[in-house]
Amino acid sequence: MGARSRLVVEAGAATLVVHHAGFGLLLGALAVVWITFVTNAFNLLDNSDGAMGTVGAVTAFGLSVCAAAESLYGLALVLCALAAALAGFLIHNWYPARIFLGDCGSLFTGFVLSSAAVLVHDGHEPLTTAGSVFALSAVVAADSLLVVVSRRRAGRSVLVGGTDHIAHRLRRLGLTTPGAAVLLGVASCAGVVVGLLLHRGVLGPTAALWVAAGVLAAVLGLLRVPVYTRHAPHPRLPGRPAAPGTAVDMAGGRGR
């Protein structure tokens with residue numbers, strides 16, 4: 001499916017989730033936009049061995065705790081199963097990866113996690129909900145923001161893939177592919193902890209501002225890392241499949 005058709009389907013599915021939750025018109029519209037955004041943000045994060053699986057597993061486990069606290073035990077079980085599946089998948093997706101999630105796997109993961117984040121906050125105060133949901137998905141939001149701003153500044157299409165994501169830039173700074181995945185996992189864990197504390201009322205909504213400040217600082221700092229060159233793209237590594245329209249770099253990453 002094309003990008004626009006896919007967005008329509010995702011928004012339709014998100015609308016069903018929001019309708020089931022019983023949100024009002026304004027809050028429901030914002031929730032649909034957020035679910036659609038995070039769904040695609042997880043898809044974009046699937047660009048380096050182990051990156052999306054690590055972030056997804058950490059986020060799924062954190063959301064399962066939120067769901068259990070709200071007595072949503074069915075949802076908590078689904079999220080625990082997803083966290084376990086992603087952890088098992090990481091055994092094969094760790095650098096050098098032998099299998100990949102692809103669009104179907106990453107979009108599914110993003111949709112389940114973003115929908116769960118909305119459902120577990122049903123009935124909570126709007127500011128707390130916004131702060132907690134943002135903290136829980138801070139890493140994928142930062143990656144998408146970085147890519148959009150970077151490509152717009154470079155005059156490139158946002159829809160054309162490239163090796164300009166957080167993981168790619170971290171490797172240019174000297175980290176290994178597994179090191180970049182671990183760092184993203186640690187950052188995701190920090191965001192999930194803040195999100196959990198906001199969800200349980202231990203922290204006030206202003207705590208999310210610290211997460212937002214961290215995201216902004218990371219994006220501004222990583223924008224200074226050069227990623228666009230005039231050279232031809234790297235050849236695809238033998239035995240590593242790449243989806244049409246994506247580029248594969250030499251350090252275990254796939255461009256989106």
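From S144, atom OG reaches atom CG of L44 across 4.5 Å, with rounding to the nearest 0.5 Å. Atom CG in L222 sits 12.5 Å away from atom CZ in R172 (nearest 0.5 Å). Atom CD1 of I166 is separated from atom CZ of R171 by 12.5 Å, given to the nearest 0.5 angstrom. Between S106 atom OG and F100 atom CZ the span is 12.5 Å, to the nearest 0.5 Å. Note that CZ of R98 is 11.0 Å distant from CG of D49, once rounded to the nearest 0.5 Å. Annotation: the span from D164 atom CG to Y228 atom OH amounts to 3.5 Å, rounded to 0.5 Å.
Here the shortest heavy-atom pairing between L63 and A117 reads CD2-CA, 3.7 Å. For the pair A181 and W94, the tightest heavy-atom approach, listed with the atom from each and the gap, is CB-CH2, 3.7 Å. The two residues L198 and A207 have their closest heavy-atom pair at CD2-CB, 4.2 Å. Minimum heavy-atom separation, L119 to A21: CD2-CB, 3.8 Å. Among all heavy-atom pairs drawn from S48 and A167, the shortest one is CB-CB, 3.6 Å. Across G62 and V192, no two heavy atoms sit closer than the pair CA-CG1, 3.6 Å.
In this structure, T36 and L7 have side chains that are in contact, with non-hydrogen atoms separated by less than 4.5 Å. At least one side-chain heavy atom of W34 sits less than 4.5 Å from a side-chain heavy atom of F134. Counting only heavy atoms from C-beta outward, the side chains of V18 and I35 approach each other to under 4.5 Å. Taking the side chain as every heavy atom from C-beta outward, L45 and H165 never approach each other to under 4.5 Å. In this structure, L113 and L82 have side chains that are in contact, with non-hydrogen atoms separated by less than 4.5 Å.
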Please tabulate, for the side chains in residues 64-79, all donor-acceptor contacts under 3.5 angstrom to protein atoms that are two or more places apart in sequence or on a different chain.
unit_1 : atom_1 : unit_2 : atom_2 : d
S64    : OG     : F61    : O      : 2.5
E70    : OE2    : H124   : NE2    : 2.8
E70    : OE2    : H199   : NE2    : 3.1

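A salt bridge links D103 with R6: at least one charged nitrogen is closer than 4.0 Å to a carboxylate oxygen.
Defined by atom type and a distance below 3.5 Å, a donor-acceptor pair is present between the side-chain atoms of H121 and S132. Counting only N and O atoms by type, the side chains of S150 and R169 include a donor and acceptor under 3.5 Å apart.
V133 and V193 end up in the same hydrophobic cluster when Ile, Leu, Val, Met, Phe, Trp and Tyr side chains are linked at under 4.5 Å. Transitive grouping of hydrophobic side chains (ILVMFWY, heavy atoms separated by less than 4.5 Å) brings V38 and F111 into a common cluster. Hydrophobic clustering (ILVMFWY, side-chain heavy atoms < 4.5 Å, transitive): L90 and L170 are in distinct clusters. Under the 4.5 Å side-chain heavy-atom criterion for grouping Ile, Leu, Val, Met, Phe, Trp and Tyr, L183 is connected to V219 within one hydrophobic cluster. Residues V225 and V215 are members of one and the same hydrophobic cluster, defined by side-chain heavy-atom contacts under 4.5 angstrom among Ile, Leu, Val, Met, Phe, Trp and Tyr.
Each of V139, T109, N93 was scored for a side chain to side chain contact (heavy atoms under 4.5 Å, CB included) with M52, with one residue passing: T109. Here the rule is side chain to side chain donor-acceptor pair (under 3.5 Å) with E10, and of N43, T39, N40 only N40 fits it.
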Q: Would you check, one step at a time, whether the test side-chain contact (heavy atoms from CB on, under 4.5 Å) holds for V118 with F23?
A: CA-CA 10 Å; V118 169; F23 288 169; 3.1 Å; yes
(Q) Quick one, S188 with T59, criterion side-chain contact (heavy atoms from CB on, under 4.5 Å). Give me CA distance, side-chain angles, the key distance, then yes/no. (A) CA-CA 7 Å; S188 179; T59 306; 3.5 Å; yes
(Q) Between D143 and L184, does the side-chain contact (heavy atoms from CB on, under 4.5 Å) criterion hold? Intermediate values first, please. (A) CA-CA 10 Å; D143 184 66; L184 288 173; over 6 Å; no
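Annotation for L173: atom CG counts as buried by contact number, over 12 foreign heavy atoms lying within 6.0 Å. Residue F108 places its CZ atom among 12 or fewer non-hydrogen atoms of other residues, nucleotides or ligands, all under 6.0 Å distant.
Looking only at distances, no side-chain donor or acceptor of S137 sits under 3.5 Å from a matching main-chain atom of V140.
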